[in-house]
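Working notes, structure below.
Naming convention: chains lettered A, B, ... in sequence-line order (proteins, then strands); numbering from 1 in each chain. Side chains included, hydrogens not; waters and symmetry mates left out as well; all remaining heavy atoms used. What you see is a predicted model; the values in this text were computed from it and never measured.
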Amino acid sequence: MSENTENQVGNDPPVAKEKKPRREVKPTKEPMPRQDPQARGKNFNEVALGYTEAQAVSEAERCLNCKKKPCIAGCPVEIDIPAFIGLIAKRDFRGAARKLKDKNSLPAICGRVCPQEEQCEKVCVLGKKYEPVAIGRLERFIADWELEHGVEVPEVALPTGKSVAVVGSGPGGLTVAGDLAKLGHRVVIFEALHKAGGVLVYGIPEFRLPKAIVAREVEYVQKLGVEIRLDHVIGRIYTIEELMNEEGFDAVFVCTGAGLPYFMNIPGENLAGVYSANEFLTRSNLMKAYEFNRHHATPIKVGRRVVVVGGGNVAMDSSRTALRLGAEEVHNVYRRSRVEMPARDEEIENAEEEGIIFQLLTNPVEILGDDKGRVRGVRCIRMELGEPDSSGRRRPVPIEGSEFELECETLVMAIGNGANPLISQTTPKLEVNRWGYIVADEATGKTNIPGVYAGGDIVRGAATVILAMGDGRVSARAIHEYLMSKE
Amino acid sequence: MQSDHTILRKQVMAPEVNEYVVSAPVIAKKAKAGQFVIVRIAEDGERIPLTIADADAEAGTITLVVQEVGKTTIEMGRLAEGDALLDLIGPLGKPSHVEKFGTVCMIGGGIGIALICPIAIAMREAGNTVISIIGARTKELLFWEDRMRATSDKLYVTTDDGSYGVKGFVSDELQRLLDEGRQIDTVTAVGPVPMMRAVCTTTRPHKIATVVSLNPIMIDGTGMCGGCRVTVGGETKFTCVDGPEFDGHLVDFDELVQRQSYYRDMEQAVAEECRLAQQHPEAGPKKRTASAG
């Protein structure tokens, strides 16, 4: 299929006057090579191995290069998807990387963790008849190719003399920082933890997003001139006001993440052995607790049987982490049914393949402890779906008399995060909504304080990496305009 | 990317208790009594919370008093002047609630003496009459008596074994003062959990407001992980953002102890290795004291 004429990219093909020769399109995506489910349940290596060059080119050739290009609008950071895919088809990987980096500073991350099936791939024209083009896998391929073959640093604009403080080095912070640095502004990221990357380092496990990859993407942003100050908890060491009035920043972008784990408020939640998903994953990912005794000093305890509560990606990450940490049985307890699970299908499938046991339509009512105050099990109740609730999903209703006990020595609550109060408490003028999330204009990220912008989970509640990046992109433009209009 | 946090002065205060004066200009300027920092000393090391015992904004230093109880604190004990802490994050937690209450009783047990000291100073500056009680298991574990005397209107000293001061616990001394009819408006107690619990038991019948400073297991110190949660008055609180000080009469101490000791088996094995590794170079066994609280 190498001589297909439709796949010329760069300039739109002229409207066909005569009927173009129809080319055969493979109906299914080039499959992603993955680690064997049996083996991978026992290691932390990445599950998805990535395309080879041949696989990538073959997949790229599936792109119809259609006229409407709905995928671009489907991407929160507006990557010119057909263009970079066309370059892959032509084996111009360097060119494809440049095209990608035009819009996305963190492609190796997005290629791995973006929910493409809800975004670009959802609207892919090919997807109407067949499987859509595997845009995410191609993005990852190019990003990995570039990391391997040397990352080009684009030229940055001349210094503007303006400076911006970015609070948080997660996906939103890295994006806004990269964009603003390219425009010539001095950018300093303040990160509370001892490592940059936010949720990318403490939250998403190694087997889904290798930390070496995150480190390379962070390095890239630093190469654009961004300074990262680790160990700085904004709200404590500096308030937002101090950053602007005393430290001399002209603007501030707040993207601290949600970062205050929810619990269910059921009895037994403070027993030893009950973790929030944040704690469980932070111990494992950031603190490398899985290497306790070998190298790392932070312990983690995983019982023979682990129960993870919640149906999102974080719950899948926690379940699969527990398995890799040596649990013999991992039960995932979720109060609705499989179709309502907010986790990506791919992650649910991965979890199933690895042997996670799903207890759907099930809700914990009490965590049970032993005489030392340690978890010994959880009493659950079966649920059925009733009328739709405000989220549009059918509301789960307990089935009377269906209570049962699940034995476990470790329980992980993965039911989401509330708004971290550190910034809002110390910046009383900053407008927050009744849940404590910062109120920010959707089109610009502007808050009620001039020069202060916000995005990501601290505005949206729990969302995704790419939405935080989209917010960073949008705010970078708005901040740039603000800075340049201000004397 | 990390700032430079060099140890400018290190002093052994008591067996396996060290005082460090660390360069930390910004933290020193911002720190208030009752706040803490998180420290990491090695690339593969854990994050441990340590209360700020003193802050000198002018000199740009903070003082930490650290008891060697686990891997990280033992390894920290091996650092010398001129070495630097890898990470120093703070100031964290809410500052102590300081106002003019009248007569306040400041109680520090063991390592808690270092932590009650800045609160006592702040209370005195706010115009309170400060009665302090400090205590330790035995004389050689007592320190900062001079500092506490300088900031207190009255200072009482106890040792469990009677090797110095009054024989008994700090809570016994408090009981005696209350029995004598001494007017005390509030109490703040910092030290091992059994000590803080005993103080609360003592003040409860007298309905004296009693604040305790908790030191549970903690990772990030920003509210993100919830590992430091405690039950206070039937409600779950995060020590790092809601504390570290709470109403001692409402704290579920049993739960706190259970959560604090959850990793003890794993940690003890590692700490033992560290102690052995530490002793090895000098080839002489050092006296080992059991870890408190």
Over all atoms of both residues, closest heavy-atom pair of [X] and [Y]:
X	Y	value
A:Leu174	A:Ser169	CG-O, 3.4 Å
B:Leu79	B:Lys10	O-NZ, 2.9 Å
B:Met196	B:Ala189	SD-O, 3.5 Å
A:Val378	A:Leu411	CB-CD1, 3.8 Å
A:Ala315	A:Val308	O-CG1, 3.6 Å
A:Ile423	A:Leu430	CG2-CD2, 4.0 Å

Around atom [atom1] of [X], are there more than 12 heavy atoms of other residues, nucleotides or ligands at under 6.0 Å?
X	atom1	result
A:Glu241	CD	no
B:Lys32	NZ	no
B:Arg9	CZ	no
B:Glu58	CD	no

Segment of [X] engaging chain A (4.5 angstrom heavy-atom cut-off):
X	value
B:Ile219	side chain
B:Asp242	neither
B:Ile217	side chain
B:Val257	neither
B:Cys228	neither

Is there side-chain contact between B:Val212 and B:Cys200, with heavy atoms separated by less than 4.5 Å?
-> yes
Would a 4.5 Å heavy-atom cut-off, applied to side chains only, mark B:Leu85 and B:Tyr20 as touching?
-> no
Side chain from CB out, backbone as N, CA, C, O: work out which of these in [X] comes under 4.5 Å of a heavy atom of chain B, or both, or neither.
X	answer
A:Arg236	both
A:Lys372	backbone
A:Leu422	side chain
A:Leu271	backbone
A:Asn270	both
A:Glu269	backbone

Specify which of [options] makes the most heavy-atom pairs with chain A at under 4.5 Å.
options	value
B:Ile38, B:Asp220, B:Thr231, B:Thr72	B:Thr231
B:Gln35, B:Arg229, B:Glu46	B:Arg229
B:Gly226, B:Cys225, B:Ser261	B:Cys225
B:Ala42, B:Ala31, B:Gly227	B:Gly227

Using a heavy-atom distance cut-off of less than 4.5 Å, which residues of residues 243-250 of chain B contact chain A?
-> none
Evaluate side-chain hydrogen bond (donor to acceptor under 3.5 Å, both in side chains) for B:Gln260 paired with B:Asn215, printing each intermediate quantity in order.
-> CA-CA 9 Å; B:Gln260 272 181 338; B:Asn215 188 16; over 6 Å; no
If the plane angle is over 60° it's perpendicular, under 30° parallel, otherwise tilted; pick one for A:Phe263 and B:Phe238.
-> perpendicular
Relative to chain B, which of A:Gly235, A:Ser276, A:Gly369, A:Gly273 shows the most heavy atom pairs under 4.5 Å?
-> A:Gly273
Among A:Leu281, A:Leu260, A:Val233, A:Ile237, which residue forms the greatest number of heavy-atom pairs with chain B at distances under 4.5 Å?
-> A:Ile237
